[in-house]
Amino acid sequence: MTVIGSIVIAKAFALTALWLRLHRRAQSERERHHYLLEMAGKLPTGGTVELGERGDTGHYLCVRIEGPPTDGEKGRTA
């Protein structure tokens with residue numbers, strides 16, 4: 001009986017640990033989503049945002065924010 005109880009407890013512990021990891025990751029994704037929405041709302045009309053990210057999850061972070069060209073930049077070529 002103790003063997004079965006030990007197995008059940010071990011499986012329950014593993015399942016709880018998995019749930020906690022997924023919960024933390026989901027919370028992190030929600031926070032990132034809200035941050036990106038806030039940042040996008042502050043862009044001027046015609047502005048663009050290019051994002052990528054590499055962290056412990058394998059993502060690469062590269063943020064490039066561009067606004068619309070100003071009057072002095074309209075005639076300029078790249």
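Note that the structure is predicted; figures quoted are calculated from it, not measured.
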Checklist line | Nearest-0.5 Å distance that lies between atom OG1 in Thr16 and atom CD1 in Ile9 | finding: 11.5 Å
Next item on the list: Indicate whether any N or O donor in one side chain lies under 3.5 Å from an N or O acceptor in the other, for Gln27 and Arg24.
Entry: no
Notebook entry, point to check: Does atom CD1 of Ile4 have more than 12 heavy-atom neighbours, drawn from other residues, nucleotides or ligands, at distances under 6.0 Å?
Noted result: no
